Amino acid sequence: MKKNDNPNSLRRFKLWRKLLIVKLLCVCLFLQNTALSASVYSQELKLTLKGNDISLTNIFSQIRESSDYTFVYNLDDIQNVRVKSLDVKDASIREVLDKCLKGTGFSYEIEDHVVIIRPDRPAKQEVKKVTLNGLVMDQDSVPIAGVTVLLKGTYVGVTTDITGKFQMAIPEQKEVFLLFSFVGMETQEVKVIDFKKQIRVVMKEKVGQLEEVVITGYGQTTTRSSTGSTASLGQEVFANKATPTVDMLLQGQVAGVSVMAISGRPGEAAKVRIRGTNTISGDAEPLWVVDGVPLQQNVPNISTGQIKSGNLNEIFVTGIAGINPNDIENVTILKDASAAAIYGSRAAGGVIVITTKKGKAGKMRVNYSTTLSIGLKPQRDPGLMNSSEKMAWEQELWDEFSSESFVYNQAQTDPRKKIHSPVVGIVGMLRSEKLGKDDKLWHEDDFVPMSKEEQDAYIANLAKHSTDWFDVLFRNSFSMNHHLSFSGGSNQYTYYVSLGVTDDRGLVKETDYQRYNLNAKVDLNPSDRLNLGFGIDLSKQKSDSYSMTVSPFEYAYFANPYETLYNPDGSYRSDRTYFNLAGINDGNLSDGVQPPSGFNIMREMKETSSSADNTSASVRMNLGYDIIEKLRISGLVSYTYLTSPK
């Protein structure tokens with residue numbers, strides 16, 4: 001400050017400076033006291049809690065509300081933990097926690113006002129381990145590499161090295177069990193007591209897998225010795241199944257074998273293709289061999305008329321239609337060209353070898369099985385129109401697309417000037433004067449068209465009823481199979497006799513199938529070297545169906561609901577629209593397309609037939625003789641009689 005400054009100002013400045021210093025000292029003292037108070041409060045936290053059967057979470061909540069402590073825990077662990085009795089006064093938080101957690105299996109840890117609750121950790125006990133040494137060999141004392149060695153009941157395991165040896169560290173026990181497994185070998189279980197001694201294990205071949213028998217019809221071989229592609233199916237695939245034919249039971253069972261149903265006719269042979277359709281003889285059907293006897297004969301010659309009429313009975317009786325699936329022991333499918341080396345060009349489409357059951361030594365066994373199956377008929381599509389809706393739609397189409405052209409054509413005398421007038425349904429036939437009085441068609445004698453009032457009355461009468469063609473043409477199917485067999489014998493002979501009955505009612509009315517089977521076998525062993533076998537198979541099968549080219553399912557879907565099966569007098573009524581509309585719109589008469597009395601699908605189904613009724617008998621005798629060890633001579637003689645279908 002300069003000398004000439006005012007003395008009063010100088011005094012005021014000094015006073016202001018003193019007051020500022022005093023204020024700063026007061027603030028510092030206040031902050032110091034506050035921190036000290038907080039520290040003292042934290043260190044001197046005293047808790048008073050009292051209660052019975054209190055949950056641990058409730059105690060933690062009370063402590064948290066009265067202090068600045070935070071708790072961390074797993075709610076799933078402690079939510080059911082309760083303190084029977086708690087009575088503390090002015091206790092520290094550690095004293096409270098010690099008393100609450102005593103005997104609960106939980107402990108705590110406090111870090112910066114955070115309390116961590118965790119389960120007690122048991123003290124780790126050191127487990128003493130021992131090392132096992134071993135060697136794995138086959139029956140020829142050759143070491144096996146890659147054998148899995150597993151401690152039973154655990155996932156602890158090792159594999160053998162290239163020398164067949166292994167080392168395994170396991171917990172020391174009085175005894176352990178080791179499992180030795182390898183592909184193609186039987187699993188071995190070894191008990192170990194002496195852990196210091198080297199373990200020696202001999203693996204045995206699993207004969208059932210490595211020597212799986214492949215039956216080619218003329219002989220037997222194994223999967224190892226077989227040079228071609230084969231597939232085998234056991235009796236579990238065929239026994240007690242609702243499907244009565246063997247070919248349909250093969251469907252979806254073997255890769256590369258396609259089985260497709262030709263039709264829904266009961267008992268009809270399926271279309272079987274093995275690895276495509278390439279053949280030598282032009283026939284793609286596989287060769288069926290039953291107990292060494294080829295069943296399938298040359299493919300029959302089928303005329304064009306048979307194909308158009310649907311009369312395929314000759315195809316129906318080929319293959320193995322007469323065999324009861326319950327009599328099958330196994331099926332072997334030879335899928336490639338190697339089968340042609342055995343059976344020649346007939347095997348170009350593959351070979352299906354069937355082996356039927358034989359008797360087994362022991363007391364007589366009686367087995368009876370039956371299967372019953374029911375199939376629901378197709379239901380009418382709910383989206384289809386009823387009679388009134390269909391005719392209303394036909395009237396709309398006539399008014400929009402055909403009415404004007406029809407009036408124009410009536411006024412024209414020159415046929416070349418007439419234009420096409422489309423006709424849809426019964427309404428179109430009436431309006432275009434193609435259907436007249438007495439239900440006569442335009443090309444019939446004494447045809448007289450209806451008046452407009454008569455047409456409307458005719459349409460109104462048809463609208464009163466709707467025919468469900470699915471209900472008319474189809475029914476719930478029912479299939480029944482019965483099988484009774486007797487088997488037994490001794491070391492010198494065995495026998496097997498079976499009876500089978502199959503009755504199958506198809507979904508389509510007028511389709512039925514029946515089959516009766518008798519199978520008998522006797523195998524004799526007069527000596528250790530000689531084996532004789534005799535067998536007879538009898539079967540009778542009959543299939544009844546209609547003979548027409550119209551598909552019932554297609555007709556049921558597309559036929560008009562206002563059409564009926566019968567006239568008021570009970571006679572068959574011809575369908576006025578199903579075939580006639582095409583002739584009307586094409587300009588061709590329809591009398592050459594359908595019978596003179598018109599087409600009625602129920603009359604066609606009932607009064608036409610395509611029946612197959614045949615009987616087959618097969619007698620077999622086989623002989624086997626062991627000349628010396630590993631040299632055997634065998635022979636097979638068979639005679640088959642098959643009647644032609646009637």
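Nothing fancy with the numbering, it's 1 onward along the sequence. Please read these numbers as outputs of a predicted model, since none were measured by experiment.
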> Can you name the one residue among Thr502, Asp503, Val501 that meets side chain to side chain contact (heavy atoms under 4.5 Å, CB included) with Met480?
Replying inline: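 By the side chain to side chain contact (heavy atoms under 4.5 Å, CB included) criterion, Met480 pairs with just one of Thr502, Asp503, Val501: Asp503.
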
Between [X] and [Y], is any side-chain donor less than 3.5 angstrom from a side-chain acceptor?
| X | Y | answer |
| --- | --- | --- |
| Glu607 | Tyr572 | no |
| Asn517 | Ser539 | no |
| Asp399 | Gln395 | yes |

> What residues, two or more places apart in sequence or in another chain, satisfy side-chain contact (heavy atoms from CB on, under 4.5 Å) together with Glu404?
Replying inline: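 With neighbours one apart ignored, the set is empty.
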
Salt bridge or not between [X] and [Y]? Use side-chain N to carboxylate O under 4.0 Å.
| X | Y | result |
| --- | --- | --- |
| Lys521 | Asp291 | yes |
| Arg475 | Asp512 | yes |
| Arg416 | Asp414 | yes |
| Arg576 | Asp439 | yes |

> Would you say the side-chain atoms of Asn600 pair up with the backbone N or O of Leu565, donor to acceptor, closer than 3.5 Å?
Replying inline: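 Looks like yes, one N/O pair under 3.5 Å.
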
> Between Asp327 and Thr356, is a side-chain hydrogen bond (donor to acceptor under 3.5 Å, both in side chains) present by the stated rule, with each step listed?
Replying inline: CA-CA 6 Å; Asp327 287 333; Thr356 57; over 6 Å; no

Could you tell me if the ring centre of [X] sits under 6.0 Å from that of [Y]?
| X | Y | result |
| --- | --- | --- |
| Tyr578 | Phe558 | no |
| Tyr496 | Phe486 | no |
| Trp398 | Phe406 | yes |

> Got a sec, which residues hit side-chain hydrogen bond (donor to acceptor under 3.5 Å, both in side chains) with Tyr368, two or more places apart in sequence or on another chain?
Replying inline: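 Only His482 meet the side-chain hydrogen bond (donor to acceptor under 3.5 Å, both in side chains) criterion with Tyr368.
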
>> Set out, in order, the CA-CA distance, both residues' side-chain angles and the distance that settles side chain to side chain contact (heavy atoms under 4.5 Å, CB included) for Met364 and Tyr495, then state yes or no.
In response: CA-CA 9 Å; Met364 185 177 70; Tyr495 63 89; 3.1 Å; yes

